[in-house]
Amino acid sequence: MVLLNQTSVYSGTLGGRENEAVAGSKRKRQDETMEVEDSPLDLLRSQVAALCKALLKQLQTKSPAATSQAGFQLLIELVTVLPGALSQHASSIISCAKATLSQSGANTTTTLHTTTLSFLSLFFRTHSASCFNTSIPTITPVLLTEATQKHPRVASEAFKVFSSLLQATQPVTSGDWVLQIYKEAVNRLSRNDTDSEVRASAEEVIGNLWISATPTVSGQGGVEWDALRKGARPEGAVRVIKKVAASNVSMPDDWVVQSVEWVLGVLRRSGRGGRVESFECLDVLLAKGTVSDEIIKDVINQLKQYLTIADITVLSQALTTLSLLLEKYSKVTYPIVETQVVGLVSSLACSSLVSGAALSSTEDFYGTLVTVDNQIASHIIPSLMTSLDRAGREGSASNVSKCVARVVKCAMGIAAGTIAEFHKHIKPGTKAKESQIVLSLLTLGEIGRNVDMSIQSNVFNDVLQFYTADSESVRSAAAFASGNICIGNTHIFLPIIVNIIQKDPSRRILALHAIKEVVSNCSHGQLEAVAEVVWTPLFERSDTAEEATRNVASASLGKLAAVDPSRYLGQLRAKLQDPSPAVRATVLSALRYTLVDIASEYDDQLSPLIPEFLSLMSDKDLTVQRLTLSTLNAAARNKPHLVQDHLQQLLPLLYAETVLKPELIRIVEMGPWKHRVDDGLEARKTAYETMYTLLETCLRKLDLNEFLNHVLVSIGDEADEIKVLGFMMLFRLSQVAPTAVAQRLDEATGELEKTMKDVAVTKDTVKQDLERASELQRSCLRAIAGLSKIRTAGTAPSFDAFVSRLEQTKWGPELKELRQGN
């Protein structure tokens with residue numbers, strides 16, 4: 001069992017990100033068969049036949065219940081690590097499962113039954129139906145008996161097996177078992193004394209029956225839906241209705257209507273947690289387009305009560321549903337929305353609390369509304385302006401500008417008039433308030449992204465004059481506006497911004513922000529032309545620029561390099577050996593952005609450059625060191641398969657940066673006090689953060705003993721933030737590599753015990769000191785809770801004694817709670 005768990009660790013089957021790294025690595029080296037042949041999964045796959053032969057021998061004999069249970073648990077672990085591995089042994093294994101489930105009460109236990117059923121459920125989910133089709137008639141009678149059992153765990157697991165079987169064999173066109181499990185599921189759903197776990201599994205079976213065996217259940221009169229909707233907790237029924245409605249099954253109109261009415265009732269009664277799925281279910285039903293006008297009116301009336309910032313998630317969903325109604329049922333929806341809803345939404349759009357998904361839903365609502373009737377566009381914008389005035393300082397000009405731009409995009413006939421209206425507030429000599437200028441600049445920028453303003457070229461020139469405004473918010477809005485207006489016509493406007501970068505130091509940072517807007521928001525097709533113009537100016541004077549200026553330039557350079565790697569990666573590489581640390585820092589910052597944006601088809605070009613870029617971890621400049629470590633962190637997070645091949649070369653450099661360097665520590669005198677300043681702290685912290693990322697994405701390529709050496713050093717570091725990272729890594733290691741960590745628990749005990757000691761309070765101790773110490777101890781306690789769950793008797797006596805002492809202190813109850821929660 002431990003070997004299977006460790007195989008899943010080193011093969012990346014525990015987490016999606018590690019899996020992606022493995023998959024990417026194999027795609028990139030399909031011709032390098034050594035990696036594939038030597039992988040832990042393939043070594044395990046070669047042993048499956050022998051393992052099954054030995055295991056079946058144990059399961060087929062009259063073994064004790066505990067032995068059989070351990071056998072099926074082992075099969076669960078095997079199928080989890082190697083889905084589909086038992087295809088050649090399906091018939092024999094299902095026969096063993098049948099025999100186990102058919103045993104008399106004296107020779108079996110409830111736990112054995114639930115383990116066997118759990119295995120069958122997983123087996124049907126992970127194997128092709130062709131390998132077990134012939135065994136279905138022999139196993140289903142036993143499973144039907146299990147589904148009728150009084151014990152809730154047994155019945156629940158049996159229903160789950162049928163769900164997996166239905167999904168694996170769909171469409172199911174024959175078999176008496178289909179009707180029998182349908183009747184048993186309806187029976188369970190109709191009774192008030194049904195256990196909640198059994199009910200949830202029976203609900204899932206009903207949904208799978210409708211999708212996989214429609215002819216059988218469609219002729220049963222619909223009693224299952226009545227039973228589903230009468231349950232005390234509607235969440236399961238909502239999921240089933242949504243699942244069936246979203247499938248390819250053609251449901252009758254009266255079912256859709258009844259379901260909509262029922263979901264509306266659920267929404268009225270549901271708390272916050274139950275509304276999310278109810279809204280999603282309602283949207284799927286309404287998308288069918290078969291609901292009456294009266295019901296649509298009821299839906300709108302109910303949605304109006306959710307148009308409030310009291311619950312932003314529900315607001316987003318309500319707006320999404322309104323957009324759907326406008327699209328599918330515009331004739332009845334539009335008049336009501338125009339008179340009763342638009343004003344409410346205008347007020348909400350001005351709130352700074354409306355952001356993310358809620359803001360996107362608001363924009364989509366306006367877009368759909370204007371698409372239904374362009375004439376309303378001229379009324380929406382004044383409504384938004386009025387609402388923003390009422391909101392005062394609490395209003396969000398950014399939100400309003402996005403909504404206005406969406407309206408203009410969907411009703412281009414009002415574009416010229418809208419631009420002129422906002423332009424008048426930024427003309428030379430304007431008397432407009434600062435808030436009005438900011439709104440106008442943001443709105444012109446949002447509109448300019450989709451509209452060519454070259455005809456009104458004075459708009460762009462008037463925007464540029466605010467680069468020298470006294471207000472920072474106005475200057476920022478001007479940079480945003482100029483960059484986005486430039487997208488509308490890069491041929492005319494982009495050279496103007498580039499000229500500012502090259503010749504006007506006082507306005508260079510704002511021009512760089514404008515370029516960043518261009519690079520971030522223009523289309524992929526435009527980027528190639530943009531790159532031609534801005535690449536060289538972005539690099540110019542980076543050796544003398546401030547860090548903030550370099551960071552803005554780097555963001556644009558990284559994005560451009562991702563668009564045309566074959567051309568620009570080489571140019572970045574050429575500047576790695578530049579004598580100026582500032583230039584090297586610019587290159588590394590740019591690479592971080594490239595790693596996030598670059599498409600996977602360019603991985604072959606990027607991979608050979610990784611070691612050369614990241615070798616700057618040993619650079620003499622501290623800023624370059626820190627940025628290199630940060631770049632490695634970004635690479636490990638976004639492109640782990642590129643990093644894995646070079647870890648043997650990179651890890652010694654990384655580990656070297658985790659060491660406390662006395663030569664970087666200096667004493668600073670501040671009046672009568674002397675402060676110890678560690679200039680290497682940021683680089684060391686970034687190094688440990690990178691180690692944590694590698695633990696998540698490249699685990700199978702790490703030498704865990706060497707890795708643990710540095711983790712154990714980190715928990716004794718003099719900086720609390722380093723200790724916290726060490727505790728986080730210990731906790732994570734206890735989950736993904738328990739065997740390796742369990743052998744070294746005693747080595748960690750000293751520093752763990754030191755951290756958990758009570759803080760000595762002196763006359764100089766302040767409240768913040770106590771709070772920091774308490775946070776550090778809680779981080780340590782979480783690691784201890786994880787480690788204490790993997791220890792084995794006698795292997796770590798010092799750690800065992802420490803935990804026993806800790807359990808008797810004030811931390812005992814919290815430690816117990818953490819163990820139960822982890």
Side-chain angles (χ1 to χ4, degrees), residues 1-9 13-14 40-41 43-127 131-132 135-136 138-162 164-165 197 738-739 742 789-795:
M1 199 84 73
V2 172
L3 282 173
L4 285 172
N5 282 329
Q6 290 302 101
T7 301
S8 69
V9 168
T13 56
L14 281 180
L41 285 181
L43 291 172
L44 175 61
R45 192 175 286 110
S46 67
Q47 300 298 317
V48 168
L51 175 62
C52 284
K53 183 178 179 181
L55 196 54
L56 286 171
K57 185 177 180 180
Q58 291 293 323
L59 294 175
Q60 287 170 350
T61 59
K62 293 183 179 180
S63 302
T67 302
S68 296
Q69 182 181 327
F72 280 107
Q73 188 62 50
L74 184 61
L75 287 173
I76 289 173
E77 296 292 341
L78 177 61
V79 174
T80 300
V81 177
L82 275 180
L86 302 178
S87 297
Q88 301 300 318
H89 314 277
S91 178
S92 301
I93 289 174
I94 291 177
S95 296
C96 287
K98 176 188 174 184
T100 300
L101 295 174
S102 301
Q103 289 179 10
S104 62
N107 299 322
T108 188
T109 65
T110 298
T111 306
L112 174 57
H113 276 242
T114 56
T115 303
T116 306
L117 290 167
S118 295
F119 162 71
L120 286 172
S121 179
L122 181 61
F123 176 83
F124 290 140
R125 285 201 308 273
T126 56
H127 289 72
C131 76
F132 59 77
S135 301
I136 292 177
T138 61
I139 191 65
T140 47
V142 181
L143 294 175
L144 287 166
T145 301
E146 295 292 282
T148 61
Q149 295 297 311
K150 292 183 179 180
H151 197 289
R153 284 292 308 281
V154 174
S156 173
E157 290 297 330
F159 278 120
K160 290 177 182 177
V161 176
F162 277 110
S164 298
L165 185 58
E197 189 176 354
T739 306
K789 292 172 70 174
I790 65 170
R791 56 181 171 163
T792 53
T795 58

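Values reported hereafter were calculated over all heavy atoms of this structure, with side chains retained and with hydrogens, waters and symmetry mates removed.
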Donor-acceptor pairs under 3.5 angstrom involving side-chain atoms of residues 81-91: please list them, not counting sequence neighbours.
from  : atom 1 : to    : atom 2 : distance (Å)
Ser87 : OG     : Gly84 : O      : 3.0

Partners passing salt bridge (charged side-chain N to carboxylate O under 4.0 Å, His left out) against Glu146 (at least two apart in sequence or in another chain):
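For Glu146 there are no salt bridge (charged side-chain N to carboxylate O under 4.0 Å, His left out) partners, ignoring immediate neighbours.
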Could you tell me the separation between the [atom1] atom of [X] and the [atom2] atom of [Y], rounded to the nearest 0.5 Å?
{"X": "Leu120", "Y": "Glu157", "atom1": "CG", "atom2": "CD", "value": "10.5 Å"}
{"X": "Thr80", "Y": "Phe119", "atom1": "OG1", "atom2": "CZ", "value": "10.0 Å"}
{"X": "Gln103", "Y": "His113", "atom1": "CD", "atom2": "NE2", "value": "7.0 Å"}
{"X": "Ile790", "Y": "Thr739", "atom1": "CD1", "atom2": "OG1", "value": "8.0 Å"}

For residues [X] and [Y], report the shortest heavy-atom separation together with the two atoms involved.
{"X": "Ser135", "Y": "Ile94", "value": "CB-CD1, 3.8 Å"}
{"X": "Lys98", "Y": "Ser102", "value": "O-OG, 2.7 Å"}
{"X": "Leu117", "Y": "Val161", "value": "O-CG2, 3.1 Å"}
{"X": "Cys131", "Y": "Phe123", "value": "SG-CZ, 4.4 Å"}
{"X": "Ala158", "Y": "Leu143", "value": "CB-O, 4.0 Å"}
{"X": "Ala97", "Y": "Phe72", "value": "CA-CZ, 3.8 Å"}

Any donor-acceptor pair under 3.5 Å linking the side chain of Ser121 with the backbone of Ser118?
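Checking the backbone N and O of Ser118 against the side chain of Ser121, no donor-acceptor pair under 3.5 Å is found.
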Look only at the side chain of Glu77 and the backbone of Gln73, and say whether a donor-acceptor pair between them is shorter than 3.5 Å.
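Absent.
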For Val79 and His127, run side chain to side chain contact (heavy atoms under 4.5 Å, CB included): C-alpha distance rounded to whole Å, both residues' side-chain angles, the deciding distance at 0.1 Å, then the answer.
CA-CA 9 Å; Val79 174; His127 289 72; 3.9 Å; yes
Given the rule in the side chain to side chain contact (heavy atoms under 4.5 Å, CB included) test, do Ile139 and Phe132 qualify, once you have shown the distances and angles that lead to the verdict?
CA-CA 10 Å; Ile139 191 65; Phe132 59 77; over 6 Å; no
Stepwise, does the side chain to side chain contact (heavy atoms under 4.5 Å, CB included) test hold for Arg125 with Lys160?
CA-CA 10 Å; Arg125 285 201 308 273; Lys160 290 177 182 177; over 6 Å; no
Residues that Thr140 engages under side-chain contact (heavy atoms from CB on, under 4.5 Å), provided they are two or more places apart
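Residues passing side-chain contact (heavy atoms from CB on, under 4.5 Å) with Thr140: Ile136, Phe162, Leu165, Trp177.
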